[in-house]
Colleague: 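Can you keep this structure in mind? I'll have questions shortly.
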There are 2 protein chains.
Amino acid sequence: MSTPSSSDPAAAFLADWAEHTRFGAVEGTNGVERQAASEADGEQRKWFAALLESHGFTVHRDAIGNQFGLLELVPGAPYVLTGSHMDSQPTAGRFDGAYGVMASAHACFRVADELRADPSRARCNLAIVNWFNEEGSRFKPSMMGSSVFTGKLPLADALATRDPRGVSVESALDALGERGDFAGLDVASYAEIHVQQGRSMEEEGVTIGLVNATWAAHKFEFRVRGAQAHSGATAMPDRRDAMLGAARLVVAARELVDEFEPGALHTACGELNAYPNSPVVVASEVQLLLDLRSPSAEVIRAAHASLMSTVERVQREDRVDIEIVAEHSWDQNPYPEAGLELAREVAAELGLPHDRVMTVAGHDSTNMKDAVPTVMLFVPSVDGISHNLDEFTRDEDLVAGLQQMTGVVRRLAAGALAASGATA
Amino acid sequence: MSTPSSSDPAAAFLADWAEHTRFGAVEGTNGVERQAASEADGEQRKWFAALLESHGFTVHRDAIGNQFGLLELVPGAPYVLTGSHMDSQPTAGRFDGAYGVMASAHACFRVADELRADPSRARCNLAIVNWFNEEGSRFKPSMMGSSVFTGKLPLADALATRDPRGVSVESALDALGERGDFAGLDVASYAEIHVQQGRSMEEEGVTIGLVNATWAAHKFEFRVRGAQAHSGATAMPDRRDAMLGAARLVVAARELVDEFEPGALHTACGELNAYPNSPVVVASEVQLLLDLRSPSAEVIRAAHASLMSTVERVQREDRVDIEIVAEHSWDQNPYPEAGLELAREVAAELGLPHDRVMTVAGHDSTNMKDAVPTVMLFVPSVDGISHNLDEFTRDEDLVAGLQQMTGVVRRLAAGALAASGATA
């Protein structure tokens, strides 16, 4: 663990980073498995709390398990909040989320040292956050911690959510001692940094991505209903095969992509569950998640219409019922220009190659930007590999991101962008 | 429970049948859920043991949980064995398997009474069997009990098999007290009756099906491998989506059917499991079961070739690897003519409409016919609904099947078909 006031911030960061990636490490790989409120998530939280305390921050947990490190420099002033999430997908990369928390922490450690040395420059206090359950793989929905913090998701609903084995968020957090009673934080501004989950920055030689918008999206949860039947004996025309109906939707989603310009539409089905899922039974019910994403809301609307006509055809031709159990859609969603301009100035001062970039994935900052002034940054990821054990970002990019985040936190702590009394 | 020597065999059977269908009854339906070695399976086994004992049969369990009721009439003589299975698929019909065990038991009860009254006619002893785990939904493979009994599956392999929650056959049987030490039975002949899992007998007015062969089949377990990726952010050409590859196989299996004459090929995928099966992750691995079935081995060979060319195309176009983890195939598999002729004579004597019929599904008799002289019978099923809560066979057909089975057991007990010292 780095000692306070290490003389080389980059070396101190890399040393702590190397130590942190042990938690949930998947043997024989460079990746991790640290799903929300798992044992590995609990262990890294304890380690992270000790790191925060060793740098003079006090550690708190709120009722949904968000982990905060606070440093009061200006009594009663609002806080610059910065962080990301340390939970991961199953068999995932070690950078996604965790890099942002660790870079935020080290940026705050450095700025804290500067402000302790010259308290007159401080306008805000400093806070670091490790949001609970950003990934949503074990407990749905994703971005749970920041959604509760910003009032978008009721606390009781989040706590009652159960994983596939029936364990609730509440009991999983309690088992780790990670559910607290910290309430309310007067947030002046929010900053987050993340590895890009695509290859454009690497290809274009961009070191710092200034995230200016989230792609538009339409996400569906479908339930395909057929009828249980003997999968060998039942005559083919008598079948109402929910697995077949679901498979047709998965294939149709991929084929939708070819109806548009290259890169204009991303589609996927990542989760599919069949019942009874037995070797010799035609499935009576399959639930699947299907996403459409595009930088263009117009493309989403056209793709949606095309998908709905496929749904109609599959219902008719395969004699299954297809119900939309849930759906969410959003248009292209911009980040505030003031945050972009601040981040651009910092990158220019540091001489770091930078450009505007959109994010396809959601982040906790997607919630925070609707509540407070927000800066969202990316560093490159080799080959854009994401949600994969082989995800990789070079040390030089990790360090450049740390420098950028340090510059951003320094300005925010000095009062840049500060919201007047915004309380999330 | 029927009393011994009930004066009306049909009424006695229907009374016991009504009582038996309570075990594992699915509320609000006419169906049952009684998967192998479940609590409901254990409860009906206890009830069935008491029924057998009340009719003078002694109850034994062997090391794989097959439940036997034995009546020795001719000391040292071999046994006529008859039965089926009482386990079910999830949310299944109440007739599949259970009807065969109950009809066999009541046929034996009646013949036992006759032979007790006139012992000179007895050449064989009587045995009723409730085979363990015919369905294979909880523990694979299906037909587990009869496969171990006939030496086709090693006992240790069967006992070590685990369900999706990690419970072994051995511990599940022990929890019910249903693993015994009964070993060896000198079997003279075997008879089984089952509801048809198709609609041909109902359509053709056939009450007794004389099962003359099993369809040819080729069954695959595929593993489709891609690469985990962010299901939103990853560029479409960069993806290697195992869910997409699997969905293409499911759709291709259905489309294969249209390459042949109507009814010539049945295909299905009843089970599919994806990893990591998370909302925002492109699946890296999907395992699926895919079956081809046909009365014609030639059709199976042509369908197999076509499927393999689809596998090649999907691998190439979708950049996934498709491995055949396991496969089993068999040609059309005949039942012995001597058993068919015996059953035909009984049906003709009883004046029951009868005809030869093939079975698409496997049965425990598929194992037994390779070891001993065997008779396999069907009664009709309304609309051929199978592996479904709404499966239904009319009382008049159940009773006709009981009469037929009684006639068959009577002849077998008098020495018809008797194998000379066949020991399974």
Side-chain angles (χ1 to χ4, degrees), chain A residues 89-92 135-137 140 142 196-199 215 217 227-238 241 243-244 246-248 250-251 254 257 263 266-284 289 291 293 359-361 383-389, chain B residues 89-92 135-137 140 142 197-199 215 217 227-238 241 243-244 246-248 250-251 254 257 262-263 266-284 289 291 293 359-361 383-389:
Chain A
Q89 290 283 340
T91 49
E135 293 292 358
S137 50
K140 289 170 187 147
S142 59
Q196 190 188 24
Q197 292 162 298
R199 52 165 76 221
W215 275 26
Q228 269 189 229
H230 194 290
S231 66
T234 309
M236 297 303 293
D238 286 352
D241 185 345
M243 189 82 85
L244 174 64
R248 293 222 198 256
V250 173
V251 170
R254 175 61 191 83
V257 170
H266 288 184
T267 66
C269 165
E271 185 175 325
L272 183 152
N273 296 297
Y275 178 85
N277 211 34
S278 183
V280 285
V281 185
V282 172
S284 55
L289 302 179
D291 299 350
R293 307 207 200 207
T359 178
V360 187
D383 292 333
I385 292 168
S386 175
H387 288 180
N388 183 302
L389 294 162
Chain B
Q89 290 283 337
T91 48
E135 293 291 359
S137 51
K140 288 169 190 152
S142 58
Q197 293 164 298
R199 52 164 77 222
W215 275 26
Q228 269 190 230
H230 194 292
S231 65
T234 309
M236 297 304 293
D238 287 354
D241 185 345
M243 190 82 85
L244 174 62
R248 293 223 198 257
V250 174
V251 170
R254 174 61 191 82
V257 170
H266 288 183
T267 67
C269 165
E271 184 174 327
L272 183 152
N273 295 296
Y275 179 87
N277 211 33
S278 182
V280 286
V281 185
V282 172
S284 54
L289 302 179
D291 299 349
R293 309 206 199 206
T359 177
V360 187
D383 291 333
I385 293 169
S386 176
H387 287 180
N388 184 302
L389 294 163

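Every chain is numbered from 1 and lettered A, B, ... according to where its sequence line falls, protein lines coming before strand lines. Just so it is clear, the values below take in all heavy atoms, side chains as well, and ignore hydrogens, waters and symmetry mates.
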Colleague: As an exercise: rank B:V281, B:T234, B:V250 by heavy-atom pairs under 4.5 Å with chain A and give me the winner.
Modeller: B:V281

Colleague: Specify which of A:M236, A:H230, A:R248 makes the most heavy-atom pairs with chain B at under 4.5 Å.
Modeller: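 Option with the greatest count: A:H230.
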
Colleague: What residue, out of B:P279, B:S231, B:A227, has the most heavy-atom pairs lying under 4.5 Å from chain A?
Modeller: B:P279

Colleague: What distance do A:Q228 atom CD and B:H387 atom NE2 have between them, rounded to the nearest 0.5 Å?
Modeller: 9.0 Å

Colleague: Please state whether the side chain, the backbone, both or neither of B:T267 comes within less than 4.5 Å of a heavy atom of chain A.
Modeller: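 Both backbone and side chain.
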
Colleague: Do the charged groups of B:R254 and A:D241 touch, with an N to O distance under 4.0 Å?
Modeller: no

Colleague: At a 4.5 Å cut-off on heavy atoms, which part of B:V257 comes close to chain A: side chain, backbone, both, or neither?
Modeller: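 Contact with chain A is through the side chain of B:V257 alone.
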
Colleague: Please rank B:D383, B:D238, B:L389 by heavy-atom pairs under 4.5 Å with chain A and give me the top one.
Modeller: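 Option with the top pair count is B:D238.
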
Colleague: Heavy-atom pairs under 4.5 Å with chain A: which of B:S386, B:S142, B:A268, B:G263 has the most?
Modeller: B:S386

Colleague: Could you check which of A:N277, A:L289, A:T359 has the highest count of heavy-atom pairs closer than 4.5 Å to chain B?
Modeller: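 Option with the top pair count is A:N277.
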
Colleague: Looking at B:Q197, B:R293, B:E271, which makes the most heavy-atom pairs under 4.5 Å with chain A?
Modeller: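 Highest number of pairs under 4.5 Å: B:E271.
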
Colleague: Roughly how far apart are A:L244 CG and B:C269 SG, rounded to 0.5 Å?
Modeller: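 Interatomic distance, A:L244 CG to B:C269 SG, rounded to 0.5 Å: 9.5 Å.
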
Colleague: Which one, B:L272, B:N273, B:V282, B:D291, leads in non-hydrogen pairs under 4.5 Å with chain A?
Modeller: B:L272

Colleague: Tell me, out of A:A246, A:A274, A:G232, A:P276, who's got the most heavy-atom pairs with chain B below 4.5 Å.
Modeller: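 With the most close heavy-atom pairs to chain B, the winner is A:G232.
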
Colleague: Name the region of A:Q89, side chain, backbone, both or neither, that has any atom closer than 4.5 Å to a heavy atom of chain B.
Modeller: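 For A:Q89, the contact with chain B is made by the side chain alone.
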
